[in-house]
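Right, one structure below, let's go through it.
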Amino acid sequence: MTRTLQPASANEAVKRPGRWLALSVLVLAVLLVAVDATVLGLATPYISEDLAPTGTQLLWIGDVYSFVIAGLLVTMGSLGDRVGRKRVLLIGATAFGAVSVLNAYATSPELLIVARALLGVAGATLMPATLALIRNLFHDARERSLAIGIWGATASAGTAVGPIVGGFLLEHFWWGSVFLINLPVMAVLVLVGSKLLPESRNPDPGPWDLPSVLLSLVGMIGLVYAVKEAAAHGFAWATLAAGLLGGAALYGFVRRQLTLPSPLLDMRLFRNHGFSGAVLADLLTILGLSGLVFFLSQYLQLVQGRRPLEAGLAELPAALGAVAAGLIAGAAARRFSVRSVVAGGLAAVGLALASLTLLDQSTGYPLLGAALLVVGAGAGFSFTVTADVILASVPKEQAGAASAVSETAYELGAALGIALLGSIVTGVYRGFPSPPGTPEGAHESLGGAVEAAHALPAPASADLLHAARESFVDGLAIAAGAGAAVLLATAAAAWFMLRNQRLEDTGPGRSPEGHGERRD
């Protein structure tokens with residue numbers, strides 16, 4: 001058994017050698033996932049042109065990754081607690097790189113959807129393992145807050161690096177090249193991580209429960225699928241059946257966890273108001289943001305005519321705001337309070353989204369750039385502090401499962417946001433008036449309209465593009481308003497649910513669990 005599995009004194013835990021070098025490896029995994037998530041938005045117009053997906057297929061390409069990863073995060077987090085977080089992380093990173101190649105060379109919308117789903121399976125191993133390893137590497141509360149801030153800042157930096165690098169690749173290569181940038185990051189992570197990362201696991205995890213795994217997977221995918229289909233096409237018997245199946249499976253999952261001596265997920269964690277409040281805040285925040293973010297790159301490229309690299313640079317303020325806020329979020333929460341930092345950050349995001357309801361085809365960059373900067377800073381404050389609250393609320397032996405809950409909320413929010421807010425954009429867009437002879441595919445997506453315009457005479461082409469862009473922007477503005485309402489409501493909920501919540505404050509003479517009690 002490795003040293004990390006042995007009981008350690010507070011002094012040994014706080015001063016673990018090489019912990020910051022190990023953190024540098026963990027953030028590579030975060031970078032891997034963040035880059036992959038952001039480059040897809042830039043590549044969407046090119047995918048639309050090359051593979052000609054329908055509007056529904058385009059939404060599936062965007063959100064199937066989140067569906068699968070949401071269904072497997074709890075399973076993978078618990079698996080890491082049992083067999084070793086380092087092992088799960090390295091295997092997942094290797095698979096992530098390999099499946100990225102399949103995404104890059106997909107030749108049809110159906111194959112790309114399958115490849116994105118497989119990428120979700122691999123991605124589900126990465127995020128819970130990184131946060132759980134941080135929980136076990138950094139026992140000092142202030143160091144852990146800084147480590148989580150760096151972890152979150154790297155994810156934000158990935159949202160900046162992804163569009164810029166992706167934009168460069170899209171201007172010089174085909175759209176599949178944006179997935180191949182995962183390979184060098186994966187290679188460094190696996191080679192260096194195998195040397196630097198310590199192994200950690202729950203020393204007494206109990207048996208692996210396969211029925212719980214299946215119930216979790218069926219429940220999450222069934223429920224999210226039903227919400228997506230209902231939002232896109234209205235209620236149908238198949239949609240209702242999927243929702244009922246998913247709800248029943250999740251109910252069975254919860255009941256089973258409450259009866260197992262060693263559950264896959266300890267449901268008693270949710271009795272902690274700080275834990276449950278932080279998880280809910282994460283879910284609703286991402287729900288309010290993700291639908292807008294998914295379509296923003298299309299707005300910059302297909303409405304305002306920016307080149308891919310220029311569009312990537314235009315999104316940079318959001319990442320810069322999130323990086324800066326993430327690095328100081330822990331100190332701010334200790335200086336003021338957890339609920340003021342989280343609720344204040346979310347309210348700022350909500351107001352910034354509200355300003356985007358003023359978007360039109362010719363909106364100048366100052367408004368858009370300022371809104372993105374505020375969105376990034378507000379989200380950086382909120383996500384960093386809620387991640388710290390979630391990790392500090394559980395014993396380190398359950399860090400993988402707790403991290404998985406946090407990431408499940410994030411991915412579920414992303415899937416629901418794309419499904420609900422994305423469907424608002426798509427629904428408004430489809431109703432635009434088009435000139436005679438317009439192909440049906442022009443009403444499926446804005447990329448389809450741009451492609452269809454190339455085959456029409458000049459006057460009809462201009463009319464089609466103007467109508468399609470105007471309708472797309474109208475849908476985007478409505479989605480921004482809906483997202484703003486969600487964020488402002490979440491800010492109010494966080495203010496009450498995180499009342500009296502404090503971050504740990506480990507220091508000399510204090511306990512490593514951070515309650516401020518001197519141990520003699």
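Side-chain atoms are counted along with the backbone in the values below, which use heavy atoms only and exclude waters and symmetry mates.
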Quick one: [atom1] on [X] to [atom2] on [Y], what's the gap to the nearest 0.5 Å?
X	Y	atom1	atom2	answer
Thr285	Leu280	OG1	CG	8.5 Å
Arg116	Asn103	CZ	CG	6.0 Å
Ser24	Leu189	OG	CG	9.5 Å
Phe381	Ser340	CZ	OG	10.0 Å
Thr490	Asp282	OG1	CG	10.5 Å
Phe383	Leu346	CZ	CG	7.5 Å

Can you confirm whether [X] sits close enough to [Y] that some side-chain heavy atom of one is under 4.5 Å from a side-chain heavy atom of the other?
X	Y	result
Thr125	Ile91	no
Val349	Val374	no
Leu289	Val375	yes
Leu296	Leu372	yes

Q: Please test Ile150 against Leu327 for side chain to side chain contact (heavy atoms under 4.5 Å, CB included), starting from the C-alpha separation and ending with a verdict.
A: CA-CA 6 Å; Ile150 294 171; Leu327 293 176; 3.9 Å; yes
To check you understand the geometry: which heavy-atom pair defines the closest contact between [X] and [Y], and what is its length?
X	Y	result
Arg339	Ala494	CB-O, 4.1 Å
Pro317	Leu373	O-CD1, 3.4 Å
Ser355	Ala352	OG-O, 2.5 Å
Ala482	Leu421	CB-CD2, 3.7 Å
Phe96	Ser100	O-OG, 2.7 Å
Leu353	Ala480	O-CB, 3.7 Å

Q: Dump the intermediate steps for side chain to side chain contact (heavy atoms under 4.5 Å, CB included) on Ile148 and Ile134, then the final yes or no.
A: CA-CA 7 Å; Ile148 292 172; Ile134 288 174; 4.1 Å; yes
(Q) Within a 6.0 Å radius of atom CZ on Phe270, are there more than 12 heavy atoms belonging to other residues, nucleotides or ligands? (A)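 Count over threshold, so yes.
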